**Q** 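Here's a structure for you.
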Amino acid sequence: MDSGRGAAAASGHGHKGGGGARGEPRRRRGARTGGSQRRGALAAHGHRARPAGRAGEGAGMNGNGVWRRTHDNGSLRPHDVGREVTLMGWVHARRDLGGLVFIDLRDREGVTQVVANPQESDSAAAAAAQVRSEYVIAVRGVVAARPAGTENPKLATGAVEVRARELRVLNPSETPPFSIADDGPVDEAVRLKYRYLDLRRPSMLHRLRLRHRAAKAIRDFLSAEGFLEVETPMLIKSTPEGARDFLVPSRLQAGKFYVLPQSPQLFKQILMVAGVERYFQIVRCFRDEDLRADRQPEFTQVDIEMSFVDRDDVLSLGERMIASVVRETLGRDVALPLPQLTYAEAMARYGTDKPDLRFGMEIHDCSATFRGSQFQIFAQALAAGGVVCGIRVPGAAGYSRREIQELEALAKAAGAAGLVAAPLDPAGVRGPLAKHLSAATDRELRERCGAGAGDLLLFVAGPAPAASAALGRLRLDLVRLRPELRDRVGFDRARLSLVWVVEFPLFERAADGALGAVHHPFTAPLDEDLGALDTQPLSVRANSYDLVLNGVELGGGSIRIHRHDLQQRVFAALGISPGVARERFGFLLDAFQYGAPPHGGIALGFDRMVMLLAGDESIREVIAFPKTQSATDLMTGAPSEVDPAALEEAHIRVRLD
RNA sequence: GGGGGCGUGGUGUAGCCUGGUUUAACACACCUGCCUGUCACGCAGGAGAUCGCGGGUUCAAAUCCCGUCGCUCCCGCCA
């Protein structure tokens with residue numbers, strides 16, 4: 001720190017006392033100057049551990065009690081010329097021309113140029129010369145039109161400037177560790193440590209504002225639709241399903257724990273039994289799982305539940321809400337109703353249950369074409385009950401051997417056994433596959449994939465879900481890694497491509513072979529599949545839905561089971577005995593004995609929603625105080641050890657191994 | 001739990017692959033002086049880095065190797 005450079009610098013300001021505060025030299029320059037403390041007597045300074053010996057502040061330095069801000073820094077226009085104004089804010093930039101000093105003064109609303117001219121105010125000019133980046137200052141002066149030719153069209157306020165009569169430093173600032181004004185790339189760890197400075201940057205303030213506007217749009221929309229915002233508890237009973245819980249020890253009940261909610265799922269269903277009919281909450285949820293760009297241990301959901309509705313009612317509500325949010329934040333229209341894909345279609349055409357529909361390159365099932373093929377790889381896969389899937393990469397027939405190998409590596413990383421590449425010339429398929437194709441199958445293949453000369457076909461053979469999933473990943477990798485493809489496949493990054501994915505399976509086979517709920521155990525099966533519930537549970541489709549935006553799962557929901565007999569059958573299929581069900585969900589089952597209305601709902605990831613609206617690739621950008629990938633808070637240092645007495649009271653003994 | 005990327009003055013980067021002409025370079029920021037119409041102000045001067053940390057190889061390590069820490073992307077995980 002104070003390395004002594006410029007030790008003499010803080011001396012010798014010819015300060016004029018005249019009502020103006022002087023800029024206060026920053027610590028680096030001023031620390032060694034010694035001298036008396038002429039600090040203002042006010043308490044405002046008392047708690048600031050500034051180094052001793054700084055040139056003192058004048059009597060007028062004590063905060064902003066005397067002045068009142070009249071305008072923000074984004075609002076002055078030519079019609080304000082001649083008006084006496086008081087502005088406050090942070091020093092965005094200072095340009096000292098020697099005598100004449102320009103200060104770009106920034107606050108939340110914008111930037112206004114302040115001019116300090118010694119011919120107009122000696123004291124203001126002297127103070128302005130001492131000011132540095134990120135000092136908080138107050139300026140009193142007169143709005144003037146800028147001299148012809150010096151207007152700045154880049155600033156909303158660029159036609160005018162404020163001629164300073166008085167300038168006060170309300171608070172000096174250390175040199176910030178990174179530029180607030182530049183708003184350029186900075187290592188994320190540094191940004192997180194100094195999050196208060198990071199958030200000060202205009203782009204981050206914009207994100208906070210965007211988030212607020214999205215939340216407000218949601219509240220306005222749902223309120224108008226008759227929803228009640230109801231809060232649910234944060235300290236709740238553990239229900240061992242799904243993600244790992246965050247534990248909260250109970251002091252009063254030794255050895256027992258609350259957990260933080262993974263979602264308000266049970267409570268919102270209880271609220272339906274309670275007759276609330278239309279509930280929503282913008283609510284924090286907690287899941288102790290590994291982090292990703294779109295996953296934080298605490299995140300925010302828009303949680304919605306409605307009574308006396310069917311699936312279409314929920315979808316309509318959900319998509320109208322999203323359209324409203326997009327309109328209120330981006331001013332863009334979303335065409336309704338949104339398209340719907342069944343889960344089966346999504347998997348077949350895009351290899352994923354959250355397809356990115358901003359571009360084509362769909363997956364084609366070419367199994368029929370290759371049935372009976374002499375090409376061993378395909379023949380074996382088909383004989384084993386698998387499939388052969390392909391995608392057409394337009395204009396990629398010229399990819400080199402090396403490029404193809406890179407694609408194969410990606411496919412293998414995505415779970416494919418291999419990748420067969422077939423470039424097309426005007427005569428048809430070339431490459432290793434060509435000699436195993438008759439003219440008829442060659443043509444059939446091209447027709448099936450919509451491919452022509454110059455295109456590249458990529459095939460994966462294997463079990464149905466794995467083969468299409470691998471191609472689905474490859475499809476995404478291709479537009480990510482090969483920019484030249486984006487135009488050819490119609491990829492538009494700015495598009496908002498919303499789609500409902502419906503009819504998920506009700507159950508899935510877990511790794512241990514047990515049957516598990518894809519969504520949660522209160523999800524209703526589709527009526528038409530009820531018959532198979534006890535005989536072929538894996539074939540039963542759920543009355544559920546996910547909302548997908550640009551390949552990101554925004555959220556999902558379902559129509560719930562509200563009848564006791566059906567719930568028993570689902571529990572039975574899941575292998576949840578009545579005793580276990582009672583232990584885990586007893587209060588919900590009890591509630592359902594007293595007249596549960598038909599109901600359903602949806603929960604949307606609010607952070608992800610705002611991230612996509614902002615065009616960001618990580619929800620950390622739209623969370624004011626996010627955690628790192630290792631779930632630490634670099635600003636506060638959480639998590640940390642706690643006072644042993646607190647552990648004692650919580651009946652916790654810590655063991656490290 | 002596993003795989004990949006990154007870590008060099010305050011910030012962003014180059015240098016690393018191929019060890020030695022590097023006294024670790026550049027831009028921005030910072031400090032000093034000059035400068036009355038700038039808005040990427042300009043000009044001149046200056047300070048600031050034992051190259052994340054530890055160990056090893058070598059005559060010699062920012063550079064090669066091993067370990068470790070931090071950040072990050074992904075797989076697993078996330079009903």
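Here the structure is a predicted model, which is why all the values come from computation and not from measurement. Just so we're on the same page: letters track the sequence lines, and every chain starts at 1.
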**Q** When rounded to the nearest Å, what value does the distance between P atoms of B/G7 and B/U63 take?
**A** 12 Å
**Q** Ignoring backbone atoms, test whether A/Ser179 places a side-chain nitrogen or oxygen under 4.0 Å from the OP1 or OP2 oxygen of B/G12.
**A** no
**Q** Using atom P of each nucleotide, how far apart are B/G52 and B/A61 to the nearest Å?
**A** 15 Å
**Q** Take atom C1' in B/G3 and the same atom in B/U8, then report the distance between them in whole Å.
**A** 26 Å
**Q** Under 4.0 Å between a side-chain N/O of A/Arg292 and OP1 or OP2 of B/C75, yes or no?
**A** yes
**Q** Is there a side-chain contact between A/Glu621 and A/Met204, using heavy atoms and a 4.5 Å cut-off?
**A** yes
**Q** Between A/Asp187 and A/Arg94, who's closer to the 5' end of RNA chain B by nearest nucleotide?
**A** A/Asp187
**Q** B/U11, OP1 or OP2 - any side-chain N/O from A/Arg191 closer than 4.0 Å?
**A** no
**Q** Can you tell me if A/Asp633 uses its side chain to pair, donor with acceptor, with the backbone of A/Met635 under 3.5 Å?
**A** yes
**Q** Under 3.5 Å, sequence neighbours excluded: what are the donor-acceptor pairs made by side chains of residues 405-418 of chain A?
**A**
residue, atom, partner, partner atom, Å
A/Glu408, OE2, A/Leu419, N, 3.1

**Q** Which one, B/C30, B/C39, B/U11, comes nearest to the side chain of A/Val186?
**A** B/U11
**Q** Parallel, tilted or perpendicular: which one describes the rings of A/Phe522 and A/Phe571, with boundaries at 30° and 60°?
**A** perpendicular
**Q** Can a side chain N or O of A/Ser618 be found less than 4.0 Å away from OP1 or OP2 on B/U72?
**A** no
**Q** For B/C71, which nucleotide is its Watson-Crick or G-U wobble mate, given both distances must be under 3.5 Å?
**A** B/G5
**Q** Considering only side-chain heavy atoms of A/Ser133, which listed nucleotide, B/C75, B/C30, B/U11, is closest?
**A** B/C30
**Q** For the P atoms, the ones on B/G15 and on B/U72, what distance do you get once it is rounded to whole angstrom?
**A** 25 Å
**Q** Between A/Arg620 and B/C73, does any side-chain N or O lie under 4.0 Å from OP1 or OP2?
**A** yes
**Q** With C1' as the reference atom in both, quote the distance from B/G76 to B/U11 in angstrom, rounded to an integer.
**A** 36 Å
**Q** With C1' as the reference atom in both, quote the distance from B/G9 to B/A14 in angstrom, rounded to an integer.
**A** 14 Å
**Q** Are A/Phe102 and B/U38 stacked, counting the six-membered base ring, centres under 5.5 Å, planes under 30°?
**A** yes
**Q** Base, sugar-phosphate alone, or nothing: which one does A/Asp182 contact when heavy atoms must sit under 4.0 Å apart?
**A** sugar-phosphate
**Q** Out of B/C75, B/U72, B/C39, which nucleotide sits closest to the side chain of A/Gln629?
**A** B/U72
**Q** Please check the phosphate of B/G70 (OP1 and OP2 only) for any side-chain N or O of A/Lys193 closer than 4.0 Å.
**A** no
**Q** Can you tell me which nucleotide in B/U38, B/C71, B/C75 comes closest to the side chain of A/Glu161?
**A** B/U38
**Q** Out of B/C30, B/G37, B/C75, which has the shortest distance to the side chain of A/Arg146?
**A** B/G37
**Q** Please measure how far the P atom in B/C16 lies from the corresponding atom in B/C65, and state the result in whole Å.
**A** 14 Å
**Q** Would you mind pulling out the nucleotide paired to B/C64, Watson-Crick or G-U wobble, both distances under 3.5 Å?
**A** B/G56
**Q** Both distances below 3.5 Å, Watson-Crick or wobble geometry, any strand: find the nucleotide opposite B/C26.
**A** B/G12
**Q** Say you draw a straight line from CZ of A/Arg163 to CG of A/Asn117; how long is it, rounded to the nearest 0.5 Å?
**A** 8.0 Å
**Q** So does A/Arg295 reach the base of B/C78 with its side chain, donor to acceptor, closer than 3.5 Å?
**A** yes
**Q** Distance between the C1' atoms of B/C17 and B/C39, in whole angstroms?
**A** 44 Å
**Q** According to salt bridge (charged side-chain N to carboxylate O under 4.0 Å, His left out), who are the partners of A/Arg473, at least two apart in sequence or on a separate chain?
**A** none
**Q** Give, ordered by number, those residues of residues 112-121 of chain A having at least one heavy-atom distance below 4.0 Å to an atom of RNA chain B; if nothing qualifies, reply none.
**A** A/Gln113, A/Asn117, A/Pro118, A/Gln119
**Q** Among B/A29, B/G76, B/C41, which nucleotide sits nearest the side chain of A/Asp290?
**A** B/G76
**Q** Indicate whether OP1 or OP2 belonging to B/C71 is found under 4.0 Å from a side-chain N or O atom of A/Thr628.
**A** yes
